[in-house]
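Residue numbers start from 1 in every chain, and the chains themselves are labelled A, B, ... in the order their sequence lines are given, proteins ahead of strands.
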Amino acid sequence: MCYDVKASLEAQLKRAKRLGDWSAVEEIMERLVPDTDLPIHHASGFSHPEMLIYTDKDPEFPVVATWGLIPHWVSDEEQMKKTWNNTLNARGETIFKKPSFKQAAKNNRCLIYIDGFYEHHHYNKATYPFYIYRKDKEPIVLAGLWNEWKNPDKGIFTSFTIVTTVANGLLSKIHNNPKLKVPRMPLILTEETEEKWLNPITEDSEIYQIENLIESYPESLLSYHTVSRLRGKEYLGNIEEISNEFVYEELVFE
DNA sequence: CCAGACGTTGTT
DNA sequence: GTCTGG
DNA sequence: CCAGACGTTGTT
DNA sequence: GTCTGG
């Protein structure tokens with residue numbers, strides 16, 4: 001799963017900057033970034049932050065979107081708020097089958113550039129948040145689905161969800177779920193697969209080309225450490241230090 | 001057929 | 001809009 | 001997902 | 001133990 005992320009301005013803009021179109025970057029800074037919650041040192045999906053996503057419609061120039069996909073059939077704002085806490089993630093195995101995701105899976109895929117994400121580990125009846133990031137400190141590219149929903153009161157509402165897959169060894173351990181159902185992790189793309197994720201498909205027979213991209217990311221490329229609380233009264237909020245290592249003396253992890 | 005849901009996570 | 005449960 | 005509430009009365 | 005809110 002993936003319910004907590006860090007998304008700095010630098011990470012979010014990495015894709016827009018890679019081609020060296022500085023006027024585009026300037027436009028993003030002036031016109032889009034003020035409508036976002038950036039920089040996000042930590043945000044929970046349940047707070048439905050506004051972020052930049054790169055869609056298949058314009059892969060180099062991002063749009064502002066809210067985390068928590070609103071399916072096309074949602075009719076009003078009340079129904080929307082019942083739905084969007086349940087569509088923060090989308091199971092990769094079923095995105096082409098579920099009514100909430102199938103249209104977006106076929107026609108509206110996107111990338112979300114983040115610094116890293118947070119997961120909770122359970123030990124001795126307590127909960128310990130971990131921050132997970134790439135060993136090389138480069139941004140993590142997540143696979144997403146996005147959508148434009150017509151809010152009858154307020155116009156077009158752009159939202160997205162993060163696709164998940166089975167967890168690798170490291171994330172299974174952080175989740176320390178010993179059995180039965182396989183733990184989950186977000187779908188992290190590589191330089192090759194991120195372009196394929198945005199590649200349009202027209203026929204149902206091409207769905208497998210997208211499904212083939214859904215696999216867990218090698219744990220050898222990831223690093224991690226514990227951080228201070230991300231929930232409840234001890235939560236420090238969206239401050240820069242929130243992703244810094246915070247050692248819990250009582251926690252034994254290894 | 002109609003009514004009602006439509007979704008995710010893990011159970012150290 | 002489309003699928004599932006009764 | 002985790003943290004925190006989990007109830008009643010009448011009304012600032 | 002289980003539901004709700006964020």
**Request:** Show your reasoning for whether side-chain contact (heavy atoms from CB on, under 4.5 Å) applies to A/Leu32 and A/Phe61.
**Result:** CA-CA 10 Å; A/Leu32 301 186; A/Phe61 197 88; 4.0 Å; yes
Closest to the [X] side chain: [options]?
X	options	result
A/Thr164	B/dT9, E/dG6, D/dC2	B/dT9
A/Lys125	E/dG6, B/dT9, B/dT12	B/dT12
A/Arg229	D/dA3, B/dT9, B/dT8	D/dA3
A/Pro183	D/dC2, B/dG10, E/dG6	B/dG10
A/Asn89	E/dG6, B/dT11, B/dT8	B/dT8

Can a side-chain donor-acceptor contact be found between [Y] and [X] if the only test is distance below 3.5 angstrom?
X	Y	value
A/Glu77	A/Asn151	yes
A/Tyr224	A/Glu219	no
A/Thr83	A/Gln79	no
A/Thr190	A/Thr193	yes

Figure out the [atom1]/[atom2] separation between [X] and [N], and round it to whole Å.
X	N	atom1	atom2	value
A/Phe130	D/dC1	CZ	P	17 Å
A/Tyr128	D/dA3	OH	P	11 Å
A/Met185	B/dG10	CE	C1'	17 Å
A/His121	D/dC1	NE2	P	16 Å
A/Leu230	E/dG5	CG	P	22 Å
A/Glu119	B/dT12	CD	P	17 Å
A/Tyr3	E/dG5	OH	C1'	15 Å
A/Phe46	B/dT8	CZ	C1'	8 Å

Base, sugar-phosphate, or nothing for [X], non-hydrogen atoms under 4.0 angstrom?
X	result
A/Thr127	sugar-phosphate
A/Ala90	sugar-phosphate
A/Asn124	base
A/Thr161	nothing

Distances under 3.5 Å between nitrogen or oxygen atoms of protein and nucleotides 4-6 of chain D:
residue, atom, partner, partner atom, Å
D/dG4, OP1, A/Lys233, N, 3.2

**CG on A/Leu69 to CG on A/Leu145, rounded to 0.5 Å** = 7.0 Å
Distance between [atom1] atoms of [N] and [M] (Å, rounded):
N	M	atom1	result
B/dC2	D/dT11	P	49 Å
E/dT2	B/dT12	P	15 Å
D/dG7	E/dC3	P	12 Å
B/dT8	E/dG6	P	23 Å
D/dC6	B/dA3	C1'	32 Å

**Request:** Check whether any side-chain heavy atom of A/Lys14 sits under 4.5 Å from a side-chain heavy atom of A/Glu138, and report yes or no.
**Result:** yes
**Duplex segments of DNA chain D, taken as runs of at least three Watson-Crick or G-U pairs that stay under 3.5 Å** = D:1-6 with E:1-6
**Message:** Can you confirm whether or not the ring centre of A/Phe246 sits under 6.0 Å from the ring centre of A/Tyr248?
**Reply:** yes
**DNA chain C-proximal residues of residues 95-108 of chain A, any heavy atom under 4.0 Å** = A/Pro99, A/Lys102
**Message:** Counting only heavy atoms and a strict 4.0 angstrom limit, can you tell me which residues of residues 65-80 of chain A come near DNA chain C?
**Reply:** A/His72, A/Trp73
**Request:** For the pair A/His48 and A/Trp84, name the ring-plane relationship: parallel under 30°, tilted 30 to 60°, perpendicular over 60°.
**Result:** parallel
**Request:** Measure up the A/Phe253 and A/His121 rings against each other and bin them: parallel (under 30°), tilted (30 to 60°), perpendicular (over 60°).
**Result:** perpendicular
**Which residues share a side chain to side chain contact (heavy atoms under 4.5 Å, CB included) with A/Glu241, sequence neighbours left out** = A/Ile239, A/Asn244
**Item:** Side-chain N,O (A/Arg184) to OP1/OP2 (B/dT9) below 4.0 Å
**Value:** yes
**Asked** Is the phosphate of D/dC1, meaning OP1 or OP2, less than 4.0 Å from a side-chain N or O of A/His120?
**Response** no
**Request:** For the pair A/Arg15 and A/Glu195, find out whether any cationic side-chain nitrogen is under 4.0 Å from an anionic carboxylate oxygen.
**Result:** yes
**Request:** Examine A/Phe160 and A/Leu198 and state if one hydrophobic cluster contains both, with Ile, Leu, Val, Met, Phe, Trp and Tyr joined whenever side-chain heavy atoms are less than 4.5 Å apart.
**Result:** no
Distance-only check: which donor-acceptor pairs under 3.5 Å involve side-chain atoms of residues 3-11 of chain A, not counting sequence neighbours?
residue, atom, partner, partner atom, Å
A/Asp4, OD1, A/Arg231, NH2, 3.0
A/Asp4, OD2, A/His42, NE2, 2.8
A/Asp4, OD2, A/Arg231, NH1, 2.8
A/Lys6, NZ, A/Ser243, OG, 3.1
A/Ser8, OG, A/Ala11, N, 3.1
A/Ser8, OG, A/Asp115, OD1, 3.1
A/Ser8, OG, A/Asp115, OD2, 2.9

**Request:** Tell me, yes or no, whether the heavy-atom count around A/Glu240 atom CD, taken from other residues, nucleotides or ligands under 6.0 Å, exceeds 12.
**Result:** no
**Crowding at CD, A/Glu78 (>12 non-hydrogen neighbours, <6.0 Å)** = no
